[in-house]
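The structure appears below as structure tokens.
Below, all heavy atoms of this structure are taken into account, side chains as well, without hydrogens, waters or symmetry copies.
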Amino acid sequence: MRWTASGLAGVRVVDLTAGLDGLFCGHRLRDLGADVTTTSRGSPAATSFTDGLRVCAPDAVGLAAEVTVADIVVDDDRAATAALVALRRAGAVRVVITAFGRSGPYAGYTGSDLTIDAFGGAVSSTGHADRPPLALGGHLVATYVGAIAAAAATAEWYLAERTGVGATVDVSGVEAMAASMDRRALQLLTCSYTGWDAERSDGSASPLVTGVLPCADGLVYVSLYGWHVRTVCELIGGMPAFEERPALALQEPGNATFKQAVRDWVAARPRAAVVGEAQAVGWPVIPANTLASALDDPWLDEAGLVQTGVNGRRRPASGISITPATGVA
């Protein structure tokens, strides 16, 4: 699924980077309505993110002219593009994406997705303890860093538009991964206070139920962590042992009993009831929509993301489109 909007309509962006992180940054800014020019990469993966972008050769004659009028210039601090970056106008926003940032002991060092994830991500916890760490599949690190860069670029552009003063945004891949809520941030905070570093699991612990589950009239996505156990037990009822000692639900055979109880509770209720009751107690459960059912989703309707046309047919609200995603991130 791919959502698009028009909040950056009229904003001109030039991407001068050589990696997928910068290209994905441009891709996301294009989805927000910006007019994006990027340079060709020549890799199969890059074609997934160039839909709707103006693609030209890195040494194209017109590239300098594009930079001089751009509102946002995205680069990766390479010597090869320094002269082009210097042509940006005073009120433009420069977004610099590098592995380790432009300051600090590793400034100037390059790094692959695996290097960036190892320094700032969750490689310490991927795979089993008796085997080598596993790299994240596909291009998840590059696309995540690119998404962070796009968010930073958007925020800084709105500020520059109000003040007339441009700025440089320093995006470090390592820092982006380290600050990710579901990755290394919690481990770094724990280590700072206790001195205990994260360790990879030996595979003996069975994970709690998480993922898409069937309910009485559709599907829901359930996210469940250890701190939800007591609340979930109180909600679904009939599990006083786990309410008193939540840790029992994290170990076998208790985990199997707990997971089955959750599945049974979800399966017995319509989607609206499952989502409403779960969210009311702070348990993160959301609807899992198909393309068709998204248009009738009451939550999306309430948010104004879908609307009814003159012919009675449901469709995405103005400025938003839902299309099948091209390529795989």
Side-chain angles (χ1 to χ4, degrees), residues 1-17 19-41 45-56 63 66-67 69-76 85 88-89 91-97 139-171 173 176 179-181 289 291 294-295 297 299-307 315-329:
M1 301 293 293
R2 178 173 166 188
W3 292 84
T4 59
S6 55
L8 294 183
V11 175
R12 295 161 297 189
V13 179
V14 177
D15 164 40
L16 302 174
T17 64
L20 290 179
D21 43 15
L23 179 59
F24 192 74
C25 173
H27 171 80
R28 295 304 297 136
L29 294 173
R30 169 64 183 85
D31 284 347
L32 293 174
D35 180 2
V36 181
T37 298
T38 189
T39 54
S40 56
R41 269 42 171 206
T47 60
S48 302
F49 308 130
T50 54
D51 182 30
L53 276 61
R54 188 182 304 106
V55 182
C56 62
L63 199 53
E66 295 279 352
V67 172
V69 297
D71 300 297
I72 300 173
V73 177
V74 185
D75 72 280
D76 44 14
V85 172
R88 70 189 188 282
R89 61 185 183 84
V93 172
R94 180 189 180 192
V95 180
V96 189
I97 306 175
H139 304 284
L140 292 177
V141 173
T143 53
Y144 178 79
V145 173
I148 294 294
T154 302
E156 197 62 45
W157 176 79
Y158 276 113
L159 179 61
E161 187 184 38
R162 290 199 301 269
T163 64
V165 180
T168 297
V169 181
D170 184 1
V171 180
S180 174
M181 180 181 295
N289 284 313
L291 183 59
L295 298 177
D297 187 303
W299 292 275
L300 298 180
D301 189 23
E302 184 178 348
L305 298 176
V306 293
Q307 61 188 35
R315 64 180 180 82
S318 300
I320 298 173
S321 64
I322 309 176
T323 59
T326 58
V328 178

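A donor and an acceptor atom, one from each side chain of T38 and D15, are located under 3.5 Å apart. Counting only N and O atoms by type, the side chains of R30 and T50 include no donor and acceptor under 3.5 Å apart.
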Notebook entry, point to check: Are R54 and D35 close enough, and set up right, to give a side chain to side chain contact (heavy atoms under 4.5 Å, CB included), and what steps lead you there?
Noted result: CA-CA 8 Å; R54 188 182 304 106; D35 180 2; 3.1 Å; yes
Checklist line | From CA spacing to verdict: side chain to side chain contact (heavy atoms under 4.5 Å, CB included), V36, R28 | finding: CA-CA 10 Å; V36 181; R28 295 304 297 136; over 6 Å; no
Note to self: What verdict does the side chain to side chain contact (heavy atoms under 4.5 Å, CB included) test give for L63 and T37, after you've listed the backbone C-alpha separation in whole Å, the side-chain angles of each residue and the deciding distance to 0.1 Å?
What the structure shows: CA-CA 9 Å; L63 199 53; T37 298; 4.3 Å; yes
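The two residues V145 and G173 make their nearest non-hydrogen contact at CG2-CA, 3.8 Å. Across all their heavy atoms, D71 and G10 have their closest contact at OD2-O, 3.9 Å. Smallest separation of non-hydrogen atoms from C25 and V74: SG-CG2, 4.2 Å. Taking all atoms of both residues into account, the shortest heavy-atom contact from A149 to I97 is CB-CD1, 3.6 Å. Annotation for A160 and G91: closest pair CB-O, 4.0 Å, computed over non-hydrogen atoms. The two residues G19 and R41 have their closest heavy-atom pair at O-NH2, 3.0 Å.
In this structure, T143 OG1 and L23 CG are separated by 11.0 Å, a value rounded to the nearest 0.5 Å. Separating the CZ atom in F24 from the OG1 atom in T17 is a distance of 13.0 Å, to the nearest 0.5 Å.
No side-chain heavy atom of V14 sits less than 4.5 Å from a side-chain heavy atom of V69. In this structure, E161 and V93 have side chains that are not in contact, with every pair of non-hydrogen atoms separated by 4.5 Å or more. When side chains are defined from C-beta on, T154 counts as touching L29, because their heavy atoms get closer than 4.5 Å. With a 4.5 Å cut-off on side-chain heavy atoms, D76 and D21 do not count as touching.
Under the 3.5 Å distance criterion, the side-chain polar atoms of R88 are matched with a main-chain donor or acceptor of V85.
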